[in-house]
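In what follows, a single structure is set out as structure tokens and then discussed.
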Number of protein chains: 2
Amino acid sequence: MAENAASRRRRTKDAEVDDLGGCAADDQFVVRALCRGLRVLALFNVDHPEWSLNELARTTKLHKATTYRMTRTMEAEGFLVFDPDTGNYHLGPALIPLSYLAQTQAELERLAKPFLEKLARESGETANLAIEVEGTFIMIASVLTAHTFKPSLPIGRVLTDLNNAHAKLAVAMKPPAERAQFLSRQPVAETKYSLVDRKQIEAELDRVAQEGVAYDMEEHGLGVCSVAAPVFGPNGTLIATISVVGPKERFGPDERKRATEHVKRIAVELSEYLGYRPV
Amino acid sequence: MAENAASRRRRTKDAEVDDLGGCAADDQFVVRALCRGLRVLALFNVDHPEWSLNELARTTKLHKATTYRMTRTMEAEGFLVFDPDTGNYHLGPALIPLSYLAQTQAELERLAKPFLEKLARESGETANLAIEVEGTFIMIASVLTAHTFKPSLPIGRVLTDLNNAHAKLAVAMKPPAERAQFLSRQPVAETKYSLVDRKQIEAELDRVAQEGVAYDMEEHGLGVCSVAAPVFGPNGTLIATISVVGPKERFGPDERKRATEHVKRIAVELSEYLGYRPV
DNA sequence: ACACCTGTTGCACTAAGCGATACAGAAATG
DNA sequence: CATTTCTGTATCGCTTAGTGCAACAGGTGT
């Protein structure tokens, strides 16, 4: 099944809008009309959920008549809905099923995979991705490397305490009320390095929130260290955390600094790939 | 702003796929290429999250070469991603921002509004829509009618107990564990008709779950009755509940039966509009 | 009354998208 | 191991289908 398709270009991110009618993104194998229509559609987001015809035409630099046909087509297909009261277009029902799929764990994992691979490759350590679901943190993807010392955290592993970089990071970024809720749980001392003092933990979370990076220095398991950075969604909410895990032997000050830079950079790249636009 | 656009067709649901290449859904103002592309895109959903080129071509009855160009275009625009390992296409990152928007309260409200209006018109009573958020039920849309007796439940009103049709319905459809969690809350007797006996409540919920309709016979407020029916999303999960509210004078056996039929029918229509496909 | 917004059409030109056909590599067939 | 049959990819004329222009219609504001 892989066939010669395996030789397919795995696009990085070149894609920069070329103003004039041309849509020849990278191949000549693009159908212009579809391309233009999709560009119109892609303008809709939480920050700008409704558009008038002229707005669309103006910002896409397409002819008004052309844009009109696009919107009518998308309307006919249920991708857009025209609101006669306001004269604006909104997303239509056809996008609901797609949105349910897009927000699936599996889809996030798929989209994130290449970035995890890159992270693992560049850092030389295991890369992980975790999401929060109802107050717990679940490892949903992991990419190992050549010198993986041990399988660290298995996929599907549920993290309920704060002895790991993923949970620390996510909890640190929450509003005070929710953070307090987490802190009300009894801390578990998994290793002798685990933080148990409430004050100490709070200080650590403050540091994490400020720096935007969380560390796990053998707090979850002896000899195991990690760094985690946040992945944001289109509306700026935290949708996942990614980390690099390694043995303490390869987590000295210098290596730790390098790992931190790697994780942070990839987290930003992934966030942007997923539609996050920093303010 | 409303202008002549106000005279725009408010489509009902005619849209039936016309097999042959033609995409002339209802106007001549459709761009065929875009239309076809969207139809390809719309095939992706939770039940069938990945498609191969030939699958797409086959089920859309488009030429393989055409489909190829479509997928390549959508890939270039980030709407699809080709996985070289499996040889299948998946949804791409461009859909993430859209999906975040599509799952907004505001968008649901927009899409549901016409249905609520229809429900209010046909039943002659006030129509409401509520969603659940973290264990409570919030009224997010309401359409009044000529003989609205009083403003019933205001928009934004939070319902925490089971003395209303929305909460009853939603709780009744939950798995036993979650239902039990709700039942552990102390019941509040808002009126003399409120159910307070645990056994009685359970029996009522069982009935609701079986019939797929919940009633509120003056349990929340004296003289106020209502019927609620469930709205399902693409993956079959409950995403909202809609209801009809009226004074007890207009809620005799016959009227109640008619109202029930109205609510149920509109609930089904809205569910299907939102992508729910009944098994 | 005007100018200036909207969204909506009709029409003629031509490039853009189409389908047939062919090809390469992988996998399943025997 | 040859055969068949999948898969995705590429080429190339034909003609249709999509485009841009320019005009139109109804609303708003001044």
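Only heavy atoms go into these numbers, but all of them, side chains included; no hydrogens, no water, no symmetry mates. In this text, all values refer to a predicted model and were calculated from it rather than measured experimentally. Protein chains get the first letters and strands the later ones, always in sequence-line order, with residue 1 at the start of each.
Scanning all heavy atoms of the two residues, the minimum distance from A:Val244 to A:Ser123 falls at CG2-OG, 3.7 Å.
When atom types are taken as modelled, the side chain of A:Thr60 and the backbone of A:Val40 share no donor-acceptor pair closer than 3.5 angstrom. Within the 3.5 Å criterion, the main-chain N or O of A:Gly233 finds no donor-acceptor partner in the side chain of A:Thr237. Between the side chain of A:His48 and the backbone N or O of A:Glu50 there is at least one donor-acceptor pair closer than 3.5 Å. Not a single donor-acceptor pair under 3.5 Å links the side chain of A:Glu107 to the backbone N or O of A:Thr104.
One interatomic measurement links the two molecules: CG of A:Asp85 to P of C:dT6, which rounds to 18 Å at whole-angstrom precision. Rounded to whole angstrom, the span from the CH2 atom of A:Trp51 across to the C1' atom of C:dG7 amounts to 18 Å. A:Leu53 places its CG atom 9 Å from the P atom of C:dT6, with the value rounded to the nearest Å. In this entry the distance linking NE2 of B:His63 with P of C:dA22 reads 12 Å, nearest Å. The distance from atom CD of A:Glu55 to atom P of C:dC5 is 14 Å, rounded to the nearest whole Å. With rounding to whole Å, A:Lys61 atom NZ is found 18 Å from D:dG20 atom C1'. Protein atom CZ of A:Arg72 is 8 Å distant from nucleotide atom C1' of C:dT8, rounded to whole Å.
The distance from atom CD of B:Gln103 to atom CG of A:Leu91, rounded to the nearest 0.5 Å, is 11.5 Å.
Residues passing the ring pair (Phe, Tyr, Trp, His ring centres under 6.0 Å) test with A:Tyr276 are A:Phe232, sequence neighbours excluded.
Inter-residue side-chain proximity for B:Val231 and B:Leu129 is flagged as unmet; no heavy-atom pair is nearer than 4.5 Å.
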Any N/O pairs under 3.5 Å between the protein and nucleotides 14-17 of chain C? List them or say none.
residue	atom	partner	partner atom	Å
C:dG17	OP1	A:Arg32	N	2.8
C:dG17	OP1	A:Ala33	N	2.8
C:dG17	OP2	A:Arg32	N	3.1

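In this model, the phosphate group of C:dT6 is approached by a side-chain N or O of A:Arg58 to a distance below 4.0 Å at OP1 or OP2. Contact between the side-chain N/O atoms of B:Asn54 and the OP1/OP2 oxygens of D:dG8 is found at a separation under 4.0 Å. Look at B:Tyr68 and you'll find a side-chain N or O under 4.0 angstrom from OP1 or OP2 of D:dT9.
Computed from C1' positions of five pairs at each end, the angle between the two local axes of the helix from C:dA3-D:dT28 to C:dA28-D:dT3 equals 30°, rounded to 10 degrees.
Classification of B:Lys113 and B:Glu117 as a salt-bridged pair fails, no side-chain N sitting under 4.0 Å from a carboxylate O.
Each of A:Lys64 and B:Ala65 was matched to the nucleotide of DNA chain C holding its nearest heavy atom; the match closer to the 5' end belongs to A:Lys64.
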